Amino acid sequence: MTSSMLLSVTTFIYGLAAVCYIAGWIFRRPLAARLGIWSVWVAVVGNGVGFTLRWMESYQMGIGHAPLSNLYESLVFFAWTIGISHLVIEYRYHNRVIGAFTLPLAFLAMAYASLSPHISDRIQPLIPALKSNWLIAHVITCFIGYAAFAVGFGLSIMYLLNKLAAAADGESTEQRPADLLVLQLFLVGLGLILFRFILGWSFGVGLGAALLLAGLVDLGGWLLGRHQRVRTELFSRFPEPSLMDLLTHQTVMFGFVFLSAGIITGSIWANSAWGRYWGWDPKETWSLITWFVYATLLHARLMRGWQGRRIAYLSILGFVAVLFTYFGVNLLPGLHSYGAMTEQLR
Amino acid sequence: MAGGDALAILNRLVSFFASVRLTVVVLLSLAVTSIIGTVIPQNEAPEGYVQAFGPRGYRFLEALDLVDMYHAWWFQLLLLLLVVNIVVCSVERLRASWTIIFTRSPRYRLERFRKSAVQTEFKVDAAPEVLRQTVRTVLGKGFKRRATLAGEDGIEGDCAERWRWSRLGVYIVHLSVVMLVAGGMIGGLFGFEGYVNIPEGEATDTISLRDGSGTRQLPFAIRCNDFSLSVYPNGAPKEYRSSISLLRDGQVIEEKEIIVNDPLRFEGINIFQSSYGKLPPPLPAEGAGPPERLAVHVLSNHSGRSYHEEGAIGDQLDLPEGLGTLRLDAYRPDSQFMGQPLGPAVEATLVHPGQAPIKLTLPLRFAAFDRMRRGQVVVAVTSAIPMPERFYTGLQVTRDPGVGTVYVAFAVMIIGCLVTFFMSHQQVCATVRPRGRQGSTVVVYGITNRNKMAMQRQVDLLARRIAAAAGGPDGA
Ligand code: HEM
C-alpha cells in the first residue's frame, strides 16, 4: 500500500472519529464515544505510518527527505499533531466532548490534503533552498504550535457556545447578543475562505454556502433556545467554564512556546539560505502578527475584566491569523511575493 | 512645590508606561498595522506602484511611508513604545518582587497554607511521630525543606519549596524581546545588505546595496571561479554551486564552494548563493572583422513557420515560401538606430518579388529587432559558430554585527518561556495530627504563584508518596 492511499483512508477515519464524537455528545451514546476514541487511535497510528512510509518511499525514489516539504505533507503532519494533542487532552482531562470540536479540524486538514484538486500528493525532490535541517525543525515546531492553537480554538468555540446557552437559561447576567453576531460573521468568513479559496468554488456559490452554514447554526441555536431540556443535556457534559478557560490558556501557552521556536528556527534557516534572519516578507510578517495576537492574549488575562469571553475571542482571532499565515498568504496580491533575486532559488 | 509637581508627572508617566493596558494596545496595533505591509507590496520600483494604484495613490502611499512601512518612523515608534513599556514595567515589577525572589530568610506561615485552595487530606494507620519523619523524607526529595511550622492550634507542619527563582522567567522573556530589538538595531546601524552578479572567471570588490542607496566597496575582491547548476530528472533545480575565491592584493585569502544554505563567512562578511543567470554572448573583439559564418533566421508571418540558413557577407540567399531574396551586404561593428548604439550588426537588402528592395539593419544581439518593421518576414542574424554558455553567479553579500545578539535573544526567549510556562514557585506543607489511638490524619497543602492545576497534581503526588511510605492509606 502506498503512503498516499493509506493517508486517504486515514482521512475517512478522522472523519468517522469526528462524527462519533459529535454523535456521542449530542445523543449521549457511550458506544459512539467509545467508537470515537478507538477511531482516533486508528487514525493517529495510520497517520503516523503513512508519514513514515512516505519518508521511506522518498528514499526509494532516490530523493530522500523528511516529508515536510510541501503543502500536502505539512497538512498531513498538521492533522497528526492535532490528533495527538487530542489524545493527550482526552487522557489528561477525561472529557468526551472536546473531541467533537477539535477532531473536525484534523479531518478538514486531511481532507483538504487528500481531496483538493489543487494539492499534489506526489513526492517531489527538494529544491536547493529547502535542503536544511533548520527547515525540518521549523516545520515541526510550527505545526506543533498550530495544533495547540487549533485545540485552543475548539475550546474557545465551546466556551462561547456555553456562554450563549447560559444566557438563554438566564443564568448569566451578561446579555450578549453580540456574541451571536460575532459567531455568525466568523462562520460566514471562514466558510467563504473554505469554499471560495480552498475548494475553489465560485464567489457566489461560496458565499451562498457560507450563509447557509451560518443559517443552519442559527437554526440550531434557535431550536436550542426553545428547548430547555435538550439544551441542558447538550451542555451539561461540557467541562466547567473555568476549566475551558484554563485549558484555553494552557494550550495557548504551549502553542506560544512552539510558535516562538518555529519563528526562531525559521529565521535561522532564512539566515543560512539568504543571509538575513528577517526580511518582512508576507509569510514572515503574518507569523509575527499571529505571535502578537497570542502575546496580547497572554497579557490581556492580566487586566481586569479580560477573562473568559474576551480571551475566547482573542484565541479565535489568533487561530484565524494562524490559518491566514498558513493558507492565506498565497492569496495576497503582490508584484511578486518574494524578492526578485531570491525568487529563482525558492 | 515645583519639585512635587515634577515628581507627580514622573509618577504618572511611569505608571502609564508600566501598564499592561498599554501593552495590549501596542501589541494589537503592531499586529494590525503589520497587515498593511503584507497587502501592499514593499520596496518596489515607483513605476509598479503607479501602475497598480495610480499616481495619486502612489503619492499617498509615499507620504505615509507605506511603500517601506516596516522602516517608517511611525512603525519604529510603535516598536520603541513596546520596548519602553517592557523596560519600565519589568523594572517596576522586578523592584517589587526582588525581595521575594532573593530573600535570605523567607517567612512561612501555616495559616497561609491552610487558606490555600490546593490541599489534600488522608488518613494513615501510623503514629504522628513516625509520620513526621516520613513526611520530611518525602518532601526532601525534589523540594528544599525549609521550616517546621506551628499553627495557632498547636498542630505542626513541615514545609518545603522549590523553583523560587522561576518567578524570574517573565523577566527573562521580556529581556529577550529587548535584546531582539537591540540586535536588529545594531544590524541596521552597522551592517549592510547587498548583492552582486559576477561572471564566471571575473572578480569584483564592489556590491550594490539592497536599499538602493548606492554601492559599497568590500575589503577584498570576490572572484567567481565557476558556477554550476544541476537539475533533477523532472527539471526542478537540484543544486546551485559557485566556487568562490576571496582576493586581497591579488592573493587568494579564502576559497569555498558555496551552495544555498551553506554560505561563506569571512571576517564578518557573509556571501550567499542567491541567484544566477546566463551572460549574453560576448561581443566580437574591438576592430575584429565579421564572423566568418552567419546564421540567418527567417520567420514567415504568413505561415508562422521559421527557417534557418547559413551564409557569409556578400551572399544572396533565397527566402522560403517564394518570398524573394535576402542579400547580406556589409558588417558594421557599431551600428546605430535613431542615435542608440546597437552594437555589431549586419546590413542586408530584402527583396520581395515585385516590390521595391528594403534596407535592413540586423543587430547580432537583438534577435527581435526586425519585428518592429512589421513586414512579411522577421529576419534575424547571429553568429553561426556556437558560443560556449557562460553564467554569472548572483551573490547576496551581508554584514550584520547584530546577529549574535539576536541569536542569544532567541535562546533566552525560549528558556524564559519554558521557565515561565512550565515551572512555578511551589511551596508545600504537610501537617500531621493524631487520630484515635494509633492513627494520624495528614494534610498536604500547596501554594503557588501560577498554574494551580499543576500544583494540585503535585500535592496529590506527595500525598500518595507519604501514604505509600507510611504503609498505605487507611483502609486501602
Ligand atoms: C512582545 C512583547 C512581549 C512578550 C513576548 C511578552 C511575553 C510575556 C510572557 C510569555 C508572559 C507570561 C504570560 C503568562 O503568565 O501567561 C508575560 C507576562 C507579563 N508581561 Fe509580557 N511580554 C511582552 C511585552 C510586555 C510588555 C510591553 C509589558 C509591559 C507592561 C509586559 C508585562 C507583563 C506582565 C506584567 C506580565 C505578568 C507577570 C506576572 O505574571 O507576574 N509584557 N509576558
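Every chain is numbered from 1, with letters handed out A, B, ... down the list of sequences. Bear in mind the structure is a predicted one, so any value in this text is a computation, not a measurement.
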*Evaluate the side-chain proximity of A/Y93 to B/M453: yes if any heavy-atom separation is below 4.5 Å, no if none is.*
yes
_Less than 4.5 Å to any heavy atom of chain A: does that hold for the side chain of B/Y232, its backbone, both, or neither?_
side chain
*Side chain, backbone, both or neither: which part of A/L135 has a heavy atom under 4.5 Å from chain B?*
neither
*Taking B/N261 for the side chain and A/K131 for the main chain, is one N or O donor matched with an acceptor at less than 3.5 Å?*
yes
*Please determine, among B/V26, B/V403, B/L30, the option with the most heavy-atom pairs under 4.5 Å with chain A.*
B/L30
*asked:* For B/I414, which atoms come within 4.5 Å of any heavy atom of chain A: side chain, backbone, both, or neither?
replied: side chain
Could you pull out every donor-acceptor pair under 3.5 Å between side chains of residues 146-153 of chain A and any protein atom, sequence neighbours left out?
none

*For chain A, find which of B/T23, B/I35, B/V397 contributes the most heavy-atom pairs closer than 4.5 angstrom.*
B/I35
*Should we count CG of A/N133 as having more than 12 external heavy atoms under 6.0 Å?*
no
*Go through the atoms of B/Q42 and report whether side chain, backbone, both or neither lie under 4.5 Å from a heavy atom of chain A.*
neither
*asked:* Need one label for B/N270: side chain, backbone, both or neither, based on atoms under 4.5 Å from any heavy atom in chain A.
replied: neither
_Show the nearest heavy-atom pair for residues B/A31 and A/V293, with the distance to one decimal._
CB-CG2, 4.3 Å
*Over 60° means perpendicular and under 30° means parallel, so classify the ring planes of B/F75 and A/W280, tilted if in between.*
perpendicular
*Could you tell me which residues satisfy ring pair (Phe, Tyr, Trp, His ring centres under 6.0 Å) with A/F238, sequence neighbours excluded, listed by chain and number?*
A/W25, A/F101, A/F235
*Measuring heavy-atom distances to chain A, does B/V231 have an atom under 4.5 Å in its side chain, in its backbone, in both, or in neither?*
neither
*asked:* Which atoms of B/R457 are under 4.5 Å from chain A, going by heavy atoms: the side chain, the backbone, both sets, or neither?
replied: side chain
*asked:* Do B/F410 and A/I268 make a side-chain contact, defined as non-hydrogen atoms from C-beta onward lying under 4.5 Å apart?
replied: yes
*Over 60° means perpendicular and under 30° means parallel, so classify the ring planes of A/F254 and B/F422, tilted if in between.*
perpendicular
*Interface moiety of B/D262 toward chain A, non-hydrogen atoms closer than 4.5 Å*: backbone
*Nearest heavy-atom neighbours spanning A/S272 and B/P263*: O-CD, 3.7 Å
*Please examine the side chains of B/Y407 and A/I264, heavy atoms only from C-beta on, and report whether any two atoms are closer than 4.5 Å.*
no
*Distance in Å, A/I289 CD1 paired with B/T38 OG1, rounded so as to fall on 0.5 Å steps*: 5.5 Å
*Any sub-3.5 Å donor-acceptor pair from B/Q396's side-chain atoms to A/W274's backbone N or O?*
yes
_Portion of B/I271 that has a non-hydrogen atom of chain A nearer than 4.5 angstrom_ = neither
*asked:* Quick check for you: among A/W291, A/F292, A/W278, which has the greatest number of heavy-atom pairs under 4.5 Å with chain B?
replied: A/F292
*Listed by residue number, which members of residues 243-251 of chain A have a heavy atom under 4.5 Å from any heavy atom of chain B?*
A/L243, A/L246, A/Q250
*Give a yes or no on whether B/K256 atom NZ has more than 12 heavy-atom contacts from other residues, nucleotides or ligands under 6.0 Å away.*
yes
_Test of understanding: with salt bridge (charged side-chain N to carboxylate O under 4.0 Å, His left out), list the residues that count as partners of B/R241, not counting sequence neighbours._
B/E239, B/E257
*asked:* So A/Y294 and B/L27, do their side chains get closer than 4.5 Å, heavy atoms only?
replied: no
